[in-house]
Amino acid sequence: MNNASPSPPASDVSSASDPALAGLIGQAPVMVRLRDQIRRVAPTQATVLIIGESGTGKEAVAQALHTLSVRAKGPFVAVNCGAIAASLIEAELLGHEKGSFTGADRQRAGYFERASGGTIFLDEVTEMPLEMQVKLLRVLESRRFQRVGGSETISADVRVVAATNRDMEASVREGRFREDLMYRLAVFPIRVPSLRERDGDVPVLAQHFLDGLNAKEGSKKTFSRPYLRQLQMQQWSGNVRELKNTVSRAFILADEVLELPTIPASAAPRKPTRRDGHLQISIGTPLADAEREMILATLEHFAGDKRQTAQTLGVSLKTLYNRLEAYRIDATGPDS
């Protein structure tokens, strides 16, 4: 019996008629709404703040905003603010003159200057030091800046798109981010959904990644049905990036069909146990199995009340029904 899974449907996975959105595939309503927001704000000059967990594809959103804008022919410059030392961030963003500090042996254009006529993407903007936040606010308001150690005023002919995986309002309350800068960046906020919110998108994304690997390596590998079901049942705390890496690892290990990983009997975890309202799960239990046990134990605790179970676990009722269907558990009991 052939255990390989047919390819998931690829209809309207990324608005195929719009290549600029090819990095944002998915059929879930939240993704349809996300692509619509991008199409609407991209042609404007509005500053955009992209909010979302790590691995959700915030840079892909920024790239789409640039590609669909009037600045598409200009440069797209991505800057990870969290990866630049506090002592260097001003010189990196605004540039510096020769001799302006130790090691400045020549004049150097900063990221804003290099992005002239295009878009600058400030990723992890909440990691920017407070003193630099003041200077960034000044650049956004005046559209002008000077290199470190220089006197020449340079026009900041750029569109600014920023992103964060933090709660920006919480960062303001904690004194780590300026409130006035938050409002200046969030002229048009866009929230990128986590993979957990994208019902039905996991198989579409997994197949997309597998297709890309097959094209790159000249192979025709497929998913086994159990493996594809396992992918659908996982929570994906690392979001799309984690799913992509997982498919890549399985691809490398597979001959023709991507299968469930096998665990030696000596390394297999003990069977989960339920007792007195507690669930005991051994270290090493596969994530999909641990999730299954948690769902079924919670459902049993609430005497089959699916609505209460979904609310307690923090998932939608639809997601719970999908899980129970995958487990072949009767889903016709009480849901309220």
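Just so you know, these numbers come straight off a predicted model, no measurement behind them. Atom set for the values below is all heavy atoms of this structure, side chains included, hydrogens, waters and symmetry mates excluded.
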Would you mind reporting whether Leu296 and Glu300 have side-chain heavy atoms less than 4.5 Å apart? no
Output the distance between atom CZ (Phe76) and atom OG1 (Thr67), rounded to the nearest 0.5 Å. 8.0 Å
For Leu34 versus Pro193, what's the shortest heavy-atom pair and its separation? CD2-CD, 4.2 Å
Could you check whether any side-chain heavy atom of Leu93 comes within less than 4.5 Å of a side-chain heavy atom of Met132, counting everything from C-beta outward? yes
Any idea which heavy atoms bring Leu195 and Asn239 closest together, and the distance? N-OD1, 2.9 Å
Is the number of heavy atoms from other residues, nucleotides or ligands within 6.0 Å of CD (Glu141) greater than 12? yes
Below 4.5 Å, heavy atoms only, C-beta onward: do Glu127 and Glu124 meet side chain to side chain? yes
Please determine, by modelled atom types, if Ser194 and Glu197 share a side-chain donor-acceptor pair under 3.5 angstrom. yes
Grab the two heavy atoms, one from Val70 and one from Gln45, that are nearest each other, plus how far apart they are. CG2-NE2, 3.4 Å
Between Ala62 and Phe121, which heavy-atom pair has the shortest distance, and what is it? CB-CD1, 3.5 Å
Are Leu49 and Leu65 connected in the hydrophobic side-chain network, where two residues link if heavy atoms are under 4.5 Å apart? no
Verify the neighbour count for atom CZ of Arg143: are there more than 12 heavy atoms of other residues, nucleotides or ligands below 6.0 Å? yes
When you compare the side chain of Glu53 with that of Asn165, does any pair of heavy atoms fall below 4.5 Å? no
When rounded to the nearest 0.5 angstrom, what is the spacing between CG in Leu210 and OG1 in Thr222? 7.5 Å
In terms of heavy-atom contacts, does CD of Glu256 have more than 12 from other residues, nucleotides or ligands at under 6.0 Å? no
Have a look at Glu97 and tell me which of Gln107, Arg108, Arg106 forms a side chain to side chain donor-acceptor pair (under 3.5 Å) with it. Gln107
Are Val247 and Val240 connected, step by step, through hydrophobic side chains (Ile, Leu, Val, Met, Phe, Trp, Tyr) whose heavy atoms are closer than 4.5 Å? yes
Can you confirm whether Trp236 sits close enough to Thr246 that some side-chain heavy atom of one is under 4.5 Å from a side-chain heavy atom of the other? yes
What's the shortest heavy-atom distance between Asp305 and Arg307, and which atoms? OD1-N, 3.2 Å
With Gln133, which of Leu181, Val125, Asp180 fulfils side-chain contact (heavy atoms from CB on, under 4.5 Å)? Leu181
Indicate the atoms forming the closest heavy-atom contact of Arg71 with Val158, along with that distance. NH1-CA, 3.8 Å
Here's a test for you: under side-chain contact (heavy atoms from CB on, under 4.5 Å), which of Asp211, Leu213, Asp255, Leu258 qualifies with Lys221? Leu258
In one Ile/Leu/Val/Met/Phe/Trp/Tyr side-chain cluster, 4.5 Å: Val161, Val192: yes
For residues Glu152 and Gln146, is any side-chain donor paired with an opposing acceptor at under 3.5 Å? no
In this structure, would Val187 and Met182 fall into the same cluster of hydrophobic residues linked by side-chain contacts under 4.5 Å? no
Euclidean distance, Glu291 CD relative to Leu313 CG, rounded to 0.5 Å: 9.0 Å
Any side-chain heavy atom of Lys135 within less than 4.5 Å of one from Glu90? yes
Are a donor atom and an acceptor atom from the side chains of Ser171 and Thr126 found within less than 3.5 Å of each other? no
Under 3.5 Å, is there a donor on one side chain and an acceptor on the other for Thr312 and Gln308? yes
Same apolar cluster (I L V M F W Y, side chains within < 4.5 Å links), Tyr183/Leu122: yes
